[in-house]
*Asks:* 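Structure provided below as C-alpha cells; questions to follow.
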Amino acid sequence: MKKSCIAMLLAGGQGSRLYALTQNMAKPSVPFGGKYRIIDFPLSNCANSGIDTVGVLTQYRPLQLNSYIGNGQPWDLDSSDGGVYILPPYLGAGEKGSWFTGTANAIYQNLGFIENYDPENVLILSGDHIYKMDYAKMLKEHLEKDAALTIAVQQVSMEEATRMGILNPGPDGYVEQFEEKPKHPKSDLASMGIYIFNWPKLRQALIDDENDPNSSKDFGKNIIPKMLAAGEKIWPYRFDGYWRDVGTITSLWDANMDMLSTTLINLYDPDWPIAARSPVCPPHYSGEHAQINHSIITEGCEIYGHVENSVLSPEVVVEEGAKVLYSVLMPGAVVKKGAVVEYAIVGENTVIETGAHVGAAPDGTEGWGVATCGPDITIRSGAVVPAAAMIYTGEEV
C-alpha cells in the first residue's frame, strides 16, 4: 500500500524534567490546556494536513498513552487504509536487541512498519511540542527543493541560539552546517525537531548509522551531520507560527498560560481543530459566589471560589473561599475551602486541603519557579508548599 508520506511520532520519552508530573506517565500523556493532552497537537496536525498513517513510538510507561490514543477515532485517524499504530520496542525470535537507544534507533527498529507503506517521504515528529502546523505545506516545499531532508526551523534570538541546534544556510539557501548549542552561532535558524526525509535516503542512513558502533543513534548528533558530510541536500523550512517545547516545568506552565491568549495560538479555529479524547462529563458549574476571570474552565468543573488567569482541566473542584491564581489544575484536582493555589501546577486527582497554600507569586529572585504537586497526593490542612517545590506521590506534606 504505497503512500506519499507517513508520519512517525516519537512519544516514548520519560520527560524527567517534568519531575512529579511524569512519575507515572509518558510526557506526551501529560494533560495540557484544559481539555487536551500534549500528544493531541501533533496527532491533530497530521489529520488536518491529510497525513492519515501515523506510527506512534512508545516506550516509557505507555499504558495510559496507548489507552488514550486507542484506534485514533477522535483525530479521524481510524481509516481502513491508514490509521494510527502504537509501536513499542520488540524482539523477534532469536533476535538480540534493547529498548530504543536514541531517536534514530527508534525509527530503525520500525523499518518494517514503514516498508509496509513504501512511502516516498517520512515525516518525523516529537510528541512533546505544542503548535499548529500544516505539514502539507512543508512537504510541498520539500519536494520543490528536491531535498533529501527538510528541517522545520524557527528564528530565535542569538542568546536562545546558544541553547539549540542551529542550521547555517549557504548562498543557495540549503543547509551548509549544523551546530548543536554553538557558543557563537552563525545563524538564528533553530531546528524544531520536525523532519521530512526522502524515504530511500533515510532508510540507507538509518542502516549505516545502526552499523556504526560509535554512533549514539540520534538524528541531531549523527544522522543529520552524516548526511551533510555526504553532500545531501538539506533544506530549512521556515515556520513563523506558535511553537513551544514543553519539556520543563516552566515551559509547560508558560505554554498553558499562553492558551489564555487567542492571539498566540487559536484553539477556536474551525479550519484547524485540535481534537482530543474528552471524558464524558456534565457541563461546568459556577456557584452563586464564584469569581472567574480570564481562565479556561472545562467540562465537569465545579467553581465556588475565586479563579483567575488559570487553566482548569475536567472535573476540577474549587470550593467556596478558595483561590486559584495563575495556575494549572489537572483533571480531578480539588482545592478546598480557604486554600490558595498560585503560580503552580497541580497534578491529577490531587487534593489541596482546607487552608493550605501552594506556590507563591514571583518575587524577582533568581530561584523563583513554579510549584508542582502530584498527581494523586494530598496537601494537608494549613500546609505551605513554597515556590519551585516539587511534591511527589507518596510524600507527606
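Excluded from the calculations below are hydrogen atoms, water molecules and symmetry mates; all remaining heavy atoms, backbone and side chain alike, are included.
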*Asks:* Where is the tightest heavy-atom contact between Arg163 and Glu159, given as atom of each residue plus distance?
*Replies:*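 Nearest pair, atom of Arg163 first, then Glu159: NH1-O, 3.8 Å.
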*Asks:* Should we count NZ of Lys132 as having more than 12 external heavy atoms under 6.0 Å?
*Replies:*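 Result for NZ/Lys132: enclosed.
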*Asks:* Can you name the nearest heavy-atom pair linking Ser187 to Leu167, along with the distance?
*Replies:*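 Shortest heavy-atom contact: OG-O, 2.9 Å.
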*Asks:* Would the number of heavy atoms belonging to other residues, nucleotides or ligands and lying under 6.0 Å from CG of Asp172 be above 12?
*Replies:*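 Atom CG in Asp172 is packed in, count exceeds 12.
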*Asks:* Around atom NZ of Lys217, are there more than 12 heavy atoms of other residues, nucleotides or ligands at under 6.0 Å?
*Replies:*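 Yes - once you tally the heavy atoms of other residues, nucleotides and ligands closer than 6.0 Å, there are more than 12.
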*Asks:* Are Asp209 and Lys226 ion-paired here, with the side-chain N under 4.0 Å from a carboxylate O?
*Replies:*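 Counted as a salt bridge, because a side-chain N and a carboxylate O are separated by less than 4.0 Å.
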*Asks:* Are Trp75 and Tyr36 close enough that their ring centres sit under 6.0 Å apart?
*Replies:*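 No - the distance between ring centres of Trp75 and Tyr36 does not fall below the 6.0 Å cut-off.
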*Asks:* Less than 4.0 Å between a side-chain N and a carboxylate O, is that true for Lys140 and Glu144?
*Replies:*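 Salt bridge between Glu144 and Lys140, a charged N being under 4.0 Å from a carboxylate O: yes.
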*Asks:* Cut-off 3.5 Å, side chains only: do Thr250 and Thr248 have a donor facing an acceptor?
*Replies:*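 Distance-only check fails for Thr250 and Thr248.
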*Asks:* I need the minimum non-hydrogen distance between Leu9 and Ser126, along with the two atoms involved.
*Replies:*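 Heavy atoms of Leu9 and Ser126 come nearest at CD2-C, 4.3 Å.
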*Asks:* Rounded to the nearest 0.5 Å, what's the gap from OG1 on Thr150 to CD on Glu141? Could you check?
*Replies:*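 If we round to the nearest 0.5 Å, Thr150:OG1 and Glu141:CD are 7.0 Å apart.
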*Asks:* If you count every heavy atom of other residues, nucleotides or ligands that lies below 6.0 Å from Asp245 atom CG, does the total exceed 12?
*Replies:*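 Enclosed: over 12 neighbouring heavy atoms sit under 6.0 Å from CG of Asp245.
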*Asks:* Quick check: closest heavy atoms across Thr350 and Asp376, and the distance to 0.1 Å?
*Replies:*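 Here Thr350 and Asp376 meet closest at OG1-N, 3.4 Å.
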*Asks:* Strictly by modelled atom types, are Trp243 and Gln154 linked by a side-chain donor-acceptor pair under 3.5 Å?
*Replies:*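 No donor-acceptor contact under 3.5 Å links the two side chains.
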*Asks:* Centre-to-centre under 6.0 Å for Phe219 and Phe197, is that the case here?
*Replies:*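 Yes, close enough.
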*Asks:* Could you check Ile224, Leu125, Val122 and say which one makes a side-chain contact (heavy atoms from CB on, under 4.5 Å) with Tyr195?
*Replies:*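 Running side-chain contact (heavy atoms from CB on, under 4.5 Å) over Ile224, Leu125, Val122 with Tyr195 returns exactly one hit, Ile224.
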*Asks:* Quick one: do the Asp188 and Gln155 side chains pair a donor with an acceptor below 3.5 Å?
*Replies:*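 Per modelled atom types, Asp188 and Gln155 side chains form a pair under 3.5 Å.
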*Asks:* Can you tell me if CZ on Arg203 sees more than 12 non-hydrogen neighbours from other groups inside 6.0 Å?
*Replies:*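 It does not: Arg203 CZ has 12 such atoms or fewer within range.
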*Asks:* Within a strict 4.5 Å, meaning less than it, do heavy atoms of the His129 and Met192 side chains meet?
*Replies:*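 When only atoms from C-beta onward are counted, Met192 and His129 do not touch, as no gap falls below 4.5 Å.
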*Asks:* I need the minimum non-hydrogen distance between Ile130 and Ile265, along with the two atoms involved.
*Replies:*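 The answer is CG2-CD1, 4.4 Å.
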*Asks:* With Lys3, which of Asn121, Asp52, Asp118, Asn116 fulfils side-chain hydrogen bond (donor to acceptor under 3.5 Å, both in side chains)?
*Replies:*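 Filter result, single survivor: Asp52.
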*Asks:* Between Ser313 and Thr298, what is the shortest heavy-atom contact and its length?
*Replies:*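 So the two residues come closest at C-OG1, 2.8 Å.
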